[in-house]
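In what follows, chains carry the letters A, B, and so on, assigned in the order in which the sequence lines appear, proteins first and then strands, with residues in each chain numbered from 1.
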Amino acid sequence: MKELPKAYEPQKYEDSIYKRWEDSGFFNPDNCEKAGFTDVAKGNFSMVLPPPNVTGTLHIGHASMLAIEDLVTRYKRMQGFKTLWLPGTDHAAIATQTKVEKLLIEKGIKDPKNELGRDKFLAEVEKFAQESHDTIINQCKKMGSSMDWSREAYTLDDKRNLAVRTVFKKMYEDGLIYRGYRLVNWCPRCKSTLADDEVEHKEQIAKLYTFKYSKDFPISIATTRPETKLGDTAVAVNPADKRFAKYIGQEFLIINFGGGADLKIKIIGEESVDLNFGTGAVGVTPAHSAADYEMAQRNNLPIIKIIDENGEMTKEAGEKYLAMSTKTARAEVVEWLKKNDLLEKEEDVSNNLSICYRCGYAIEPLPSKQWFIDVNKDFILPNSSIDGIKSGDRVTLKKLMQQVVNNKQIEIIPDRFEKTYFHWINNLRDWCISRQIWYGHRIPVWYCHGLDKGVCLPGCEKPIVSIDMPTKCPNCGSTDLIQDPDTLDTWFSAGLWSFSTLGWPKQTKDLADFHPTNLLETGYDILFFWVARMILMTTYTLGQVPFKKVYLHGLVRDEKGKKMSKSLGNVINPLDTIAQFGADATRLSLLLGNAPGNDLKLSEEKVEGFRNFTNKLWNISRFMLLNIPEPKIDINTPEPKTLFDKWILQQLNDTLNQVNASLDGYHFSGAGEHLRIFTWDLLADWYLEIAKIEGHKGEILNYILNTILKLWHPFMPFITEQIWAEVYGEQKMLIVEKWPKLEGNTFVEERVFDDTRLVRDIIAGIRNLRAENKIEPIKKLDAVIGAGAKLNLIKENFESIKALARLESLEIFEKAKKSPTAAGFVEGTIEVFIELSGAIDLDKEKERLQKEFESLTKFINGIENKLANEEFVKNAPAVVVEKERQKLQEAQIKLDKIESQL
RNA sequence: GGGUGAUUAGCUCAGUUGGUUAGAGCGUCUCGUUUACACCGAGAAGGCCAAAGGUUCGAAUCCUUUAUCACCCACCA
């Protein structure tokens with residue numbers, strides 16, 4: 001007989017358990033296969049880890065992701081799938097570089113990039129990234145993540161770099177990647193472009209100025225950014241606007257606007273102009289507003305760049321403004337307008353400020369020469385495994401992205417996010433992929449005699465796009481080649497993640513075995529950033545989907561529903577909760593009590609609650625082991641001897657069924673809830689108590705213990721593995737045990753459920769009477785039961801009722817009479833009387849019965865009305881009607897008995 | 001402006017295709033006898049399922065409208 005320590009102390013076991021798992025090699029699917037733990041019929045299951053950014057440490061959101069993904073991985077592995085969960089980290093270009101810059105500035109280096117230079121600066125970033133990486137890996141292990149570390153990847157390592165260069169070249173040759181001068185989102189602090197979805201919006205109060213360019217200009221306009229008006233080339237009005245339509249087509253010259261440049265303003269008609277907002281006319285600044293840029297394209301307007309990459313005014317704005325900050329320039333322009341009596345109104349409005357998602361600095365839209373991916377251009381897809389698109393068909397990237405979700409080759413869970421996805425794709429514009437930062441994949445493009453430096457021969461202006469560094473210019477033979485200084489958007493390499501991690505561009509066995517991956521599990525906040533980009537890149541490169549299913553989880557918030565942030569001081573660090581309550585409790589708190597795709601509110605109390613549960617499971621196991629003479633690891637479903645044996649085995653089977661269904665349907669919380677109810681409410685509170693009385697349950701307890709440890713393992717890998725080791729020795733590992741098999745339908749007997757319910761209700765009823773009459777627990781009571789048709793049932797469970805209800809004596813008759821000093825209650829068709837002798841308070845007793853009488857009468861009236869309704873009887877399924885009749889009959893019997901007691 | 005989600009016990013949330021007298025955890029109140037567990041056990045209180053309409057024999061569940069909150073998207077200058 002094995003005895004466990006009294007309380008479970010996670011800190012004592014977790015690290016050594018993880019080490020045992022790692023040493024076993026079972027995180028690697030090849031080893032599982034070799035050891036015979038996989039089932040060929042099940043096939044393979046693969047999932048990549050959404051690579052955490054190497055910008056620091058893991059937060060609770062990562063912990064939530066790891067908990068879900070490890071749950072899925074362990075479930076699949078135990079089911080016999082050859083299961084791969086592939087880990088890695090993301091270099092997170094801008095984010096990491098920004099972070100390191102900040103750190104260096106804190107260390108006293110004022111302008112890190114300029115002072116250190118590219119190589120030294122990058123060395124600093126790499127050092128930081130390496131440290132972050134190590135921390136992150138350690139944290140993943142603390143959570144219990146069963147990832148195959150032998151396959152670990154990094155978005156910026158050599159293998160991934162080769163994949164990036166290969167895809168870039170292919171896209172360039174297909175004409176999908178082009179270099180163009182266009183309006184981009186520019187962050188003057190990061191000194192780099194941003195993709196459209198990397199721009200965030202923050203509501204703010206701004207001043208709206210209404211003014212005229214000059215005294216004789218016929219139309220007033222309004223703006224929140226007067227300084228940009230120095231770059232205006234048009235005024236747009238709605239063609240339907242009677243006030244202004246007559247001016248459309250006219251041109252005005254404004255000399256020395258704002259004391260700076262001369263403006264040539266053309267009046268154009270644009271239907272998008274709102275007649276009722278502002279003055280009903282828009283000053284058009286093509287170079288510094290996305291909307292205006294598009295108007296300029298449509299109307300052939302000149303584009304004058306008046307703000308540069310530093311966020312300073314250019315000389316195009318006029319000599320006076322050269323190198324002035326936009327803020328100062330704004331004040332200058334306003335001052336000038338006032339002085340010239342052109343300012344008509346100044347008011348507060350709320351508008352959206354565009355800010356950089358990495359550093360929060362205000363975005364400056366400006367025209368710039370950058371690399372783009374064209375999402376609307378068609379190309380030939382040579383090898384297609386996509387339903388509805390044949391190999392050799394002409395498609396666009398947009399079409400591919402729509403098609404694979406439309407045809408359900410990729411299923412998004414919860415499906416409401418499909419709508420969001422389509423909406424995004426429909427509005428998708430060309431993706432700007434070049435970044436002016438240093439940390440990242442250098443663009444595999446070289447220029448003869450350097451970029452924009454001039455051309456030695458006709459043809460030498462053409463960029464040289466190559467996977468490997470070219471030695472000379474193919475046009476003129478010069479060896480003076482200079483690589484494009486820019487790097488790629490971090491999402492470019494992240495987009496290749498599902499297949500670059502499996503060895504592509506080599507045709508590896510992993511690629512054949514594990515691609516497309518089965519599941520992508522990630523947060524809904526990176527649906528566009530990453531999920532959509534992966535779909536784009538993978539369908540383009542391989543003609544395959546990157547994954548068959550996408551499960552999107554919600555964000556972890558604090559107990560009030562606020563986003564966790566350092567400044568609010570409401571951050572819960574997973575490492576802290578692991579240290580305090582254990583990794584299993586931390587995992588449970590992130591898995592349970594939450595619906596798919598919904599945000600989750602977390603508090604320390606919640607984790608503590610689950611710590612209590614882990615300890616409960618430990619003690620349940622401890623008790624069971626005390627009652628299992630010789631625990632066996634392989635044990636078949638035992639033969640039930642008593643009613644409650646049957647009941648608990650049925651309940652267990654039922655639970656297994658529900659757990660399977662919930663997990664297969666991605667209802668992780670539901671699965672855990674079913675398990676918790678079985679473990680605590682049914683097993684611990686009832687069956688174990690009854691087992692103490694009935695005795696000799698070794699085999700059944702053994703079977704139940706094995707089964708619940710297996711079922712709980714994906715949720716709580718540490719404690720379950722530890723108990724397993726305590727019982728069966730460390731060389732036997734739960735991680736590769738077979739998932740329990742479901743018994744057939746013959747295993748279900750309706751009667752068992754009803755009968756046990758009745759016995760439990762009788763016990764609970766007596767306990768209730770005892771509490772209501774304030775009888776000391778130490779005092780044993782005398783009871784009489786009128787069991788009616790259930791005589792045998794009550795007799796069978798005589799000892800259990802007696803012990804659990806704490807009775808001195810129990811008499812069972814078919815019909816029983818109530819003594820005047822007894823309290824009674826009715827359970828189904830059974831009457832129970834408790835002798836209270838002197839202790840009885842007759843008034844209270846009467847009141848209690850009266851109350852029950854009333855509520856029961858109400859209940860009966862309800863059913864009677866229902867049954868009297870012809871429509872109900874006619875239309876409802878027979879089973880439902882029959883059920884109502886039965887309920888009515890039982891209630892009436894009960895009512896009679898209560899009445900007689902009264 | 002468009003979209004999505006939430007609204008169920010004091011708090012946090014379940015409630016899977018409409019059919020129970022609507023559930024759980026935490027918290028609250030009473031009480032602690034028992035060969036696992038006080039990180040526990042027993043008992044109890046607590047809900048017009050946001051509001052109003054509609055569909056149906058039957059609605060927390062389906063439809064419409066509204067309200068409040070949160071988030072996402074969008075070129076309101």
Could you measure between the two [atom1] atoms, the one in [N] and the one in [M], and give it in whole Å?
| N | M | atom1 | value |
| --- | --- | --- | --- |
| B/A14 | B/A24 | P | 16 Å |
| B/U21 | B/A60 | P | 11 Å |
| B/G58 | B/A67 | P | 29 Å |
| B/C62 | B/U55 | C1' | 8 Å |
| B/U4 | B/U65 | P | 11 Å |
| B/A44 | B/G25 | P | 13 Å |
| B/U16 | B/C73 | C1' | 30 Å |
| B/U61 | B/G54 | C1' | 15 Å |

Contact class for [X] (heavy atom, under 4.0 Å): base, sugar-phosphate, or nothing?
| X | answer |
| --- | --- |
| A/N352 | base |
| A/A876 | base |
| A/R225 | nothing |
| A/A595 | sugar-phosphate |
| A/N768 | sugar-phosphate |
| A/A291 | base |

Side chain of [X] only, heavy atoms from C-beta on: which candidate in [options] is closest?
| X | options | result |
| --- | --- | --- |
| A/K616 | B/G19, B/C40, B/A44 | B/C40 |
| A/F859 | B/U35, B/U21, B/U33 | B/U21 |
| A/R622 | B/C72, B/U4, B/A36 | B/A36 |
| A/K6 | B/A74, B/U33, B/C37 | B/C37 |
| A/H674 | B/G25, B/A6, B/U16 | B/U16 |
| A/V273 | B/U16, B/A77, B/G32 | B/A77 |
| A/T224 | B/A44, B/A77, B/C57 | B/A77 |
| A/A764 | B/C57, B/G43, B/U35 | B/G43 |
| A/K887 | B/U21, B/A74, B/U35 | B/U21 |
| A/D685 | B/G5, B/A42, B/U20 | B/A42 |

Residues [X] and [Y] bridged, charged N to O under 4.0 Å:
| X | Y | result |
| --- | --- | --- |
| A/K851 | A/E854 | no |
| A/K601 | A/D558 | no |
| A/R225 | A/E364 | yes |
| A/E799 | A/K802 | no |
| A/E227 | A/R330 | yes |

Once you round it to whole Å, what is the distance between [atom2] of [N] and [atom1] of [X]?
| X | N | atom1 | atom2 | result |
| --- | --- | --- | --- | --- |
| A/F613 | B/G25 | CZ | C1' | 12 Å |
| A/D599 | B/U7 | CG | P | 13 Å |
| A/I628 | B/U35 | CD1 | P | 19 Å |
| A/Y209 | B/C76 | OH | C1' | 18 Å |
| A/E294 | B/C76 | CD | P | 12 Å |
| A/F422 | B/C73 | CZ | C1' | 16 Å |

Study note, to complete from the structure: Judged by nearest nucleotide, the residue sitting upstream toward the 5' end of RNA chain B, A/H201 or A/T223, is A/H201
Point to revise | Comparing A/R806 and A/Y524 on RNA chain B - which has the more 5′ nearest nucleotide | key: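 First, find each residue's nearest nucleotide; the 5'-ward one identifies A/R806.
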Answer yes or no: side-chain N or O of [X] and base N or O of [N] forming a donor-acceptor pair under 3.5 Å.
| X | N | value |
| --- | --- | --- |
| A/K692 | B/A36 | yes |
| A/E689 | B/A42 | no |
| A/R416 | B/U4 | no |

Which base sits across from [N] as a Watson-Crick or G-U pair, both distances under 3.5 Å?
| N | result |
| --- | --- |
| B/C40 | B/G32 |
| B/G1 | B/C73 |
| B/U68 | B/A6 |
| B/C62 | B/G54 |
| B/G18 | none |
| B/G46 | none |

According to a strict under-4.0 Å criterion, is [X] in side-chain N/O contact with OP1 or OP2 of [N]?
| X | N | result |
| --- | --- | --- |
| A/N598 | B/A14 | yes |
| A/N612 | B/C40 | yes |
| A/K601 | B/C13 | yes |
| A/N875 | B/C57 | yes |
| A/W618 | B/C40 | no |
| A/K419 | B/U4 | yes |

Review point. Parallel, tilted or perpendicular: which fits the ring planes of A/W618 and A/Y8, with parallel below 30° and perpendicular above 60°?
Key: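 Rings of A/W618 and A/Y8: tilted, as their planes differ by 30° to 60°.
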Check your understanding: More than 12 foreign heavy atoms under 6.0 Å from CD of A/E344: is that the case here?
Key ->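 It does: A/E344 CD has more than 12 such atoms within range.
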Practice item. Count the heavy atoms belonging to other residues, nucleotides or ligands that lie under 6.0 Å from NZ of A/K266, then report whether that count exceeds 12. Key: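 For A/K266, atom NZ is not crowded (no more than 12 foreign heavy atoms under 6.0 Å).
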Check your understanding: Hey, does the side chain of A/N702 reach the backbone of A/I628 with a donor-acceptor pair shorter than 3.5 angstrom?
Key ->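 Checked: no pair found.
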Check your understanding: Quick one: does A/S289's side chain have a donor or acceptor within less than 3.5 Å of a partner on A/D292's backbone?
Key ->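 Looks like yes, one N/O pair under 3.5 Å.
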